Each structure stands twice: as C-alpha cells, then as structure tokens.
Asks: 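Take a look at this one; I'll ask things after.
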Amino acid sequence: MRLTRRGLLIGAGAGGALLLAFRLVPRHYASPLVARDGADAGERVFDSFIRLARNGDVSVAVPFCEMGQGIATLAAQIVAVEMGADWKRVGVEPAPVSPVYGDAVLAARWARLWLPLAPSLADRPGDVLARLHAEREPLQITAEGTALAAFEAPLRDAAAAVRAVLAQAAAAQWGVGWETLDARGHAVTDGKRQIAFEKLIPAAAGFDPPDPPVLRPEPPREKPGAFPEGARPAFPRLDLPPKVDGSFVFAGDVRLPGMVHAAIAMGPQGDSVLASYDRKAAADIKGLVGVVRAKRWLAAAGTTWHAADKALKAMDPRFKAAGRIADSSALETRIDTALHKGTPRRILAEGDPDALLARPSLDVRYDVEPGTHAPLETATCTARLEEGRLELWLATQAPELARRAAARAAGVALRDVVLYPLHAGGSFDARLDVRIASQAAAIAKAIGRPVQLMWSRWQESLGSYPRTPVSAQLSAAMSPDKQRLLGWRARLALPATAIEWGTRLLGETSMPRAKAAAQGKPDPMACEGALPLYGIPEKAVDHIAVDLPLPTGRLRGGAHGYTAFIVESFVDECAHFAGAEPLSFRVGMLSGQPRLVACLQGVARMAMWGGGADASGQGIACWKLDLEAGEGPRSGFIAVVATARQDNGTIRVDQLSAYADIGRIVNVDIARQQIEGGLLFGLAHAIGGSTAYASGLPLAARLSQLGLPLLADCPKVDVAFADSTEQPFDPGELGMVATAPAIANALFSATGARLRRLPLLSEGF
C-alpha cells in the first residue's frame, strides 16, 4: 500500500489507511472505500473513487444522489474515457458517507451566500468555511448542479493515475518508457502489442503515479461544431436497462428478513402537534403489528403497507395547532400587506434607481403561488436497528444529515449508523428533507423489527415543504424616446426562505426554530436572479421579508424559478411599451454577454422567430446561471422560444425551442435529456404544479389535481447546443427557469392578455 503526496491511495484493503483530501480543507481521513476480501482478494482501490476487481472490471464510487439526472453515468464515463476502459466493463456504486466526498464547490457557494447573514462570524469566516467544507463533518449534499464542477477533476485525476500505474507496469515488462504507452479498450498498448488491465493490476500497485496526474489532452475537433470525444452517444445510461425492465431497485423495493411496513400521518402545514387518536379502533385490523406516536406524527406498522394504512385511518388521528397554521387567504394577505406597507431592504444594486422611479414608466405586480415537488416516487426509508447498530436504506440528497437525524431518533451514536444510498425516483430537491430517516429510525426502535416507512401520496403532498409564494412589484423608467431602459427596481415580498431551509438543513433544527432564525432577515439567496444582467444604468433589488406560517424549501431552479419568470416577463412588457421587437430589445441591452446573445440568435433561427408580433403566439425568454468553482466562474446560458395559444380557457403550448450554451459537453444525450426534462418541468409549473392551503391542508394533493401536463399536452421540443470549450455547466435547472416566462410572453402575443401570476392558469383569461 502506498500513499503519495496527492493522497492517491493504491492498495488491497484500506484498514487504517489515510487519505489527504486537498480538494477540501487539508486534513487526514480514513479512506472510505475499501477493497473486498475473500474471493475478491485481488481487488484494488484507487483514490477513493475507483475500485478494480481482480478480473479488471471497474467500479466508480458516485458521491452524489442519482435522481434521474444521469450524474452516475457521467461519473463513470469521465473515468472510462480518461482511463481508457471498456464501457461494457464499467459500473457504479454509491460512495460511502465521508468527508472525502464533501462538495467543496457547494460548500463555498453556501458559505459565501450565508456568511453575510451572520455578521458575528465575519471575523472568523474560516471556521464556517471549514465546517461547510467538511473539516468536522461531510457536506455530502447533491444540490444546485455542482456535481460536475466539484468532481470532474478528482474523477479524471483518479482515472489518469490508474492509467499511469498500469502503463508503468506494462512498461516494466516491455522495457520502454511508460510515457510512450496509451490505454484503450481496457488494455495498455504501444500501438502494436497490448496487455489487458487485469494482467497488470497486481504489479501496478507497486508504482507511484505522477504528481500531478497526466491527463489526456482535449481531442481535436473533427469539424466546427463537433462534440469532443465522449460526448457522442457512445455511452448509454447505465441505469436505463434496469429501469426499463423493472429490475432497478428503488427504496420501496428493499426487503429484509422480518421486515414490517409502516404508514404515517403528519399534521397540517405549520406548527401542529398530535392531539388524539383512537388506538382501540385499530385493534381488530388484521396484520397490525404496532403503533408509534411522536409529537408531530402518528405511525402504524403492519405486515403490509395497506394493513398499516388501514389501521392508521381507523385510529383517526387528530392534530391541534401549537402555533400558526398555513392558510392561503392569510398567506396572501400577509404578502400583500408586506408588499404595500413593509420595509424594503436593499440587497442588490448597481447604482440607485429610486430618483428615476419617482414617476415610473411602468409599474406592475407579479405573483407566484407555492410550488410543489410532486416526484413520482414518494419518500421511503427502510431502517433496521439491531444490537445498537442502525442501518438505513433510502434515497437522500443529504446522506450525512440523514444519518445524524436517524441517530438522534434511535438514540445511538453516529458511528453506529450505516446508510446505504439508493437512487431516487425523482426529487426536484424534495429529498433534501431528511425527516423520513428520523421517523423510520424511531419506528424501528419502538417496534423492535426492521421497518419500511413509505409516505402515501397524500402525506408526500401534506408534509413536503413547497417553494415559497412570492409577490413582486416591478418598476421601470424609460428614456423620453422610449428607446432605452434607464432604471429598474424589483421589490420582492417573500420570507427569508433560503435562510429558513438552510438553517433547517445545516443547523439540523426543527421547522419552528428554523422559521424563528430566519424571521425578518433579508435573504439575497432567496432573491437570486432578480437583478437583471441587462445593461441598465440604475437597477436594484429590495427584499421585504414576510413571516409566513407556511414552511418552505428548495425546489428545482431555486430562486431563479420565480425570478426568471418575473424578470423576463417584465422585460417583455418594457419591450412592448417601447414599441420594440422583444429579441432586438434584449440584444440591445446585452453588451458584454456574447454567449447569451448567441443563444438568443440561435433559438430565433431554430424557431423561425417572427418577432413576437400580435397573434403570432410566439414568446421569447433567456437566462443565465452562474456557479463559482475552484478554477473560476462557470456559467450556463439558455434562450427559449415558446409557441402557445388559448384553447377554450386552457393553455396549449405547441412548441418549445431551446438553444443552450453549457460549455464543454460531457455527454450530449444526457445534456439533451436534462434540457428537455427541464423544459417540461417548467411547463408543468407554468400551467400547474401548485396548491393552495386551507387549515394547513393542501387543496391539490393528488397528481391529478395539480394541473400537470399529460402526454397529449406535451409540445414538440427542439434543443440545440452551442459549440463551446468553456468549463462544463450542469444544465438541469436551465430549461426549467426559462420556460414559464417564454410561455407567458407567447400568450401575450397570442391573446393580448398579460398573465402575471404563476401558475398562469390561476389567473384565467
């Protein structure tokens, strides 16, 4: 076993070995990935990312939650291309929870956004950064599309190091310099002869890789616009075949000896507690194993989930308010009052537009209703507590936080909790919530048997934290000739939702305490995107913090999911007020943004943009997302043209065209899937995907009640990508955020009605 200065571990077994993770805070950790014993005694582990079997098969440890976005396939592909492995012999496995896999890019982003909110920590930001960088505990969280930025380089380094030591082993046999050798097709070759990887693995453990690793050069482009090697559809998704034939194991497919099933009833949204239930009413229900109560929920366990659910309903659990309960009429009143009478706090500005906006040219209001996640798979967790050791099987975006929550609930030490990460059947950031881990652990402890807790669709809708409602007042000042936009101000009334869910997640605290921590605070992260990137001389964003009884969380797209709708719809209004063509109006204000201008021009060609003239039914929108990574900023750009119409009081979207610049594309099929999926997710939240609340209960709880588009409602979708050599950008949220404003602008063109409320159907025609 050898340990190089870069912390590359090569060896059979990792008991007591240390890995130095320079990507994080410099600190030594026990290596989390170990070689198996027994029949696989010849197995080797490389840099905590790659496991080589004795027969040469490659397994890549994936330190993020696969939710359908294809990130597991991307990780395996990065390793396969850099290593020269045969794709048919590459697989993936979930990485164990460890600080080694902490996401430094996400940690730095969250620290940068949240540090200003805690002035007392400003004199020691290193402490906060260290915690977020996993010096004390791992920030192994999948969120905000940081996986490629955080892990492409470490994966390539690990694969290049493996290729190098295999080449050194072959070079020793051939008596040549290893630098003259290459690896491809799962073998090391000099062009005339080759040696298979499996024959070189034992000897390779005796060599040190170069420091730094020698990466493959970027292959030359065959022609302008051609994708680099690896981006072509030569790497099909690893999870597709088992998902098609039904053999894929999701959380609900886990079965353990002696396992029982549990159903749960949670209280209304807001501060509610369990008041009463009739235990005797369930006594005669066949299959009931036990009943477990907690402060805010009641659960029943049975031999089948349906038996548990039947018993739960028979007991008729009742809840009472311990504080405020969410009700849509009260929510809207609070937001409306704040927007008109609240105290705005300026959080973003370039110049000061207030004097220009004393008499604005345009002054309009936009509203956004709470947004629901509605993943196809409801939250599910299996827990087994035996001899003081707790095991968990679940899909989670925050595995370490789930472990900690479960440890507290079961009353065991964190070191005695083992979590087996599973792929999620959709999430859209719902699986940042780790409550189900603590619930399952508490039930398993009380019942004394392994238990699988599955939320019903009703409980998923009731218990999930929605995206916050928002009201915004947009003001603009035009030049006297209406040719230029001189001033812009956006005032957003919403809770400090990012502080709230961040405190709940990272602070591992209850919903009431998280809301109290966020109350009244300005929240730049909750207003991201509200300051337009257009060249407007004076522009500003004000946040009016609203204290709402509705707990809120993160939804795919984050704040951009509503700020893009608000900003791009209002820009369109300004263009029409000025009598300008919407595309040209945008381009005229995008000096210094050539990549975004190219996206606008590209989508205009794709969609045969006709200028958005009256009754054309075409609308356009564009957006940019930024991400700070270690090597500098990364950006993703998109422009969308929607063709939409009114049809008997409903919205029909006939076509969505998107042109995106996401830098160097790793896998063009997965990139296209992500943009297409984002466009349809954006469509869903443009016409539905929201619910009102009455006495804390969602009025739209079933999928059929959410107004989601059916297959027959899905438009024709066209996606194209810019040829770019910039650093790759995760496209998962780009399509989602730009769709709603494009549709709203298209409906204005088609009908003359300006819809300023999401979902658009909530406003009517």
Side-chain angles (χ1 to χ4, degrees), residues 350 353 361-362 364 366 472 474-479 481-490 529-539 541 560 562-614 616-626 635-644 656-661 679 682 686 720 722 734-735 737-750 754-756:
E350 293 180 12
S361 306
L362 281 174
V364 298
Y366 285 85
L474 275 292
S475 305
M478 305 288 293
S479 62
D481 59 3
K482 296 184 180 181
Q483 297 303 304
R484 290 179 298 150
L485 191 53
L486 302 178
W488 171 292
R489 183 178 62 217
L531 189 71
L533 52 82
Y534 295 105
I536 303 170
E538 312 286 342
K539 53 187 175 181
V541 175
H560 298 273
Y562 45 84
T563 57
F565 167 69
I566 293 166
V567 168
E568 281 299 292
S569 295
F570 190 56
V571 167
D572 214 66
E573 288 203 58
C574 292
H576 285 281
F577 178 81
E581 186 270 314
L583 171 61
S584 301
F585 187 77
R586 286 172 168 82
V587 171
M589 296 188 294
L590 285 173
S591 175
Q593 296 289 342
R595 295 174 70 186
L596 190 56
V597 170
C599 288
L600 283 165
Q601 294 170 338
V603 79
R605 291 191 298 270
M606 289 174 58
M608 293 185 288
W609 171 253
D614 291 346
S616 72
Q618 283 190 320
I620 196 167
C622 63
W623 204 248
K624 175 188 178 185
L625 293 177
D626 291 311
S635 299
F637 305 81
I638 194 168
V640 176
V641 169
T643 303
L656 289 172
S657 301
Y659 191 96
D661 182 346
L679 293 171
L734 269 177
V737 300
T739 302
I743 294 173
N745 295 337
L747 290 170
F748 175 77
S749 169
R754 179 64 67 177
L755 303 182
R756 301 190 182 100

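Because the structure is a prediction, the values reported are computed rather than measured.
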Asks: Could you state the interatomic distance from CD1 (I743) to CG (L679), rounded to the nearest 0.5 Å?
Replies: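 Atom-to-atom, I743:CD1 and L679:CG are 9.0 Å apart.
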Asks: Please check this pair: side chain of S635 against backbone of D626, looking for a donor-acceptor N/O pair closer than 3.5 Å.
Replies: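 No.
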Asks: Would you please indicate yes or no on a ring centroid separation below 6.0 angstrom for W488 and F570?
Replies: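 Yes.
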Asks: Report yes or no: does Q618 contribute a side-chain atom to a donor-acceptor pair with the main-chain N or O of G610 at less than 3.5 Å?
Replies: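 Pair found, side chain donor or acceptor close to backbone of G610.
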Asks: Is it true that a side-chain atom of S361 and a backbone atom of A477 form a donor plus acceptor pair closer than 3.5 Å?
Replies: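 Not at all, since once roles are kept as given, no pair shorter than 3.5 Å links the two residues.
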Asks: Could you measure the distance from the CG atom of L533 to the NZ atom of K624? Nearest 0.5 Å is fine.
Replies: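 Here the rounded value is 6.0 Å.
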Asks: Taking atom CZ of R754 and atom NE2 of H576, what is their separation to the nearest 0.5 Å?
Replies: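 Spacing of CZ (R754) from NE2 (H576) equals 5.5 Å.
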Asks: Is any side-chain heavy atom of Y534 closer than 4.5 Å to one of L590?
Replies: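 Side chain of L590 against side chain of Y534, heavy atoms only: contact under 4.5 Å found.
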Asks: Would you say the side-chain atoms of R586 pair up with the backbone N or O of V571, donor to acceptor, closer than 3.5 Å?
Replies: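 No, the answer is negative, given that no donor and acceptor are paired below the 3.5 Å cut-off.
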Asks: Starting at CG of D572, measure out to CD1 of I620 and round the result to the nearest 0.5 Å.
Replies: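 It comes to 9.0 Å.
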Asks: Just so I know, are the side chains of W623 and T563 near enough to count as touching, which here means a heavy-atom distance under 4.5 Å?
Replies: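 Side-chain contact under 4.5 Å: yes.
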Asks: So, for Q483 and A578, which heavy atoms are closest and what is the spacing to 0.1 Å?
Replies: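 Of all heavy-atom pairs spanning Q483 and A578, the closest is NE2-O, 4.4 Å.
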Asks: Measure from the side-chain N and O atoms of E581 to the backbone N and O of S584, and report whether any donor-acceptor pair falls under 3.5 Å.
Replies: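 The answer is yes, because a donor-acceptor pair under 3.5 Å joins these two groups.
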Asks: To the nearest 0.5 Å, tell me how far L656 CG sits from T643 OG1.
Replies: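 So the CG of L656 and the OG1 of T643 are separated by 8.0 Å.
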Asks: Can you name the nearest heavy-atom pair linking A530 to A490, along with the distance?
Replies: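 Nearest pair, atom of A530 first, then A490: O-CB, 4.2 Å.
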Asks: Might you point out which heavy atoms bring N745 and S569 nearest each other, and give the distance in Å?
Replies: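 The pair with the smallest heavy-atom distance is OD1-CA, 3.7 Å.
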Asks: Of the non-hydrogen atoms in V567 and G529, which two are nearest, and what is the gap between them?
Replies: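 Minimum heavy-atom separation between V567 and G529: CG2-O, 3.6 Å.
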Asks: I'd like to know whether CZ of R484 has more than 12 heavy-atom contacts from other residues, nucleotides or ligands below 6.0 angstrom.
Replies: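 Atom CZ in R484 is not crowded, with 12 or fewer foreign heavy atoms closer than 6.0 Å.
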Asks: Is L362 close to C574 at the side-chain level, that is, under 4.5 Å between some pair of heavy atoms?
Replies: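 In contact.
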Asks: Taking K482 for the side chain and G579 for the main chain, is one N or O donor matched with an acceptor at less than 3.5 Å?
Replies: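 Not a single qualifying donor-acceptor pair exists.
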Asks: Should L485 and K539 count as side-chain neighbours, where that means a heavy-atom distance under 4.5 Å?
Replies: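 Side chain of L485 against side chain of K539, heavy atoms only: no contact under 4.5 Å found.
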Asks: What heavy-atom pair brings P537 and L486 nearest, and what distance separates the two atoms?
Replies: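 Minimum heavy-atom separation between P537 and L486: CD-O, 3.5 Å.
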Asks: Please report the shortest heavy-atom distance between E568 and C622, naming the atom on each side.
Replies: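 Scanning both residues completely, I find the closest heavy atoms to be OE1-N, 3.0 Å.
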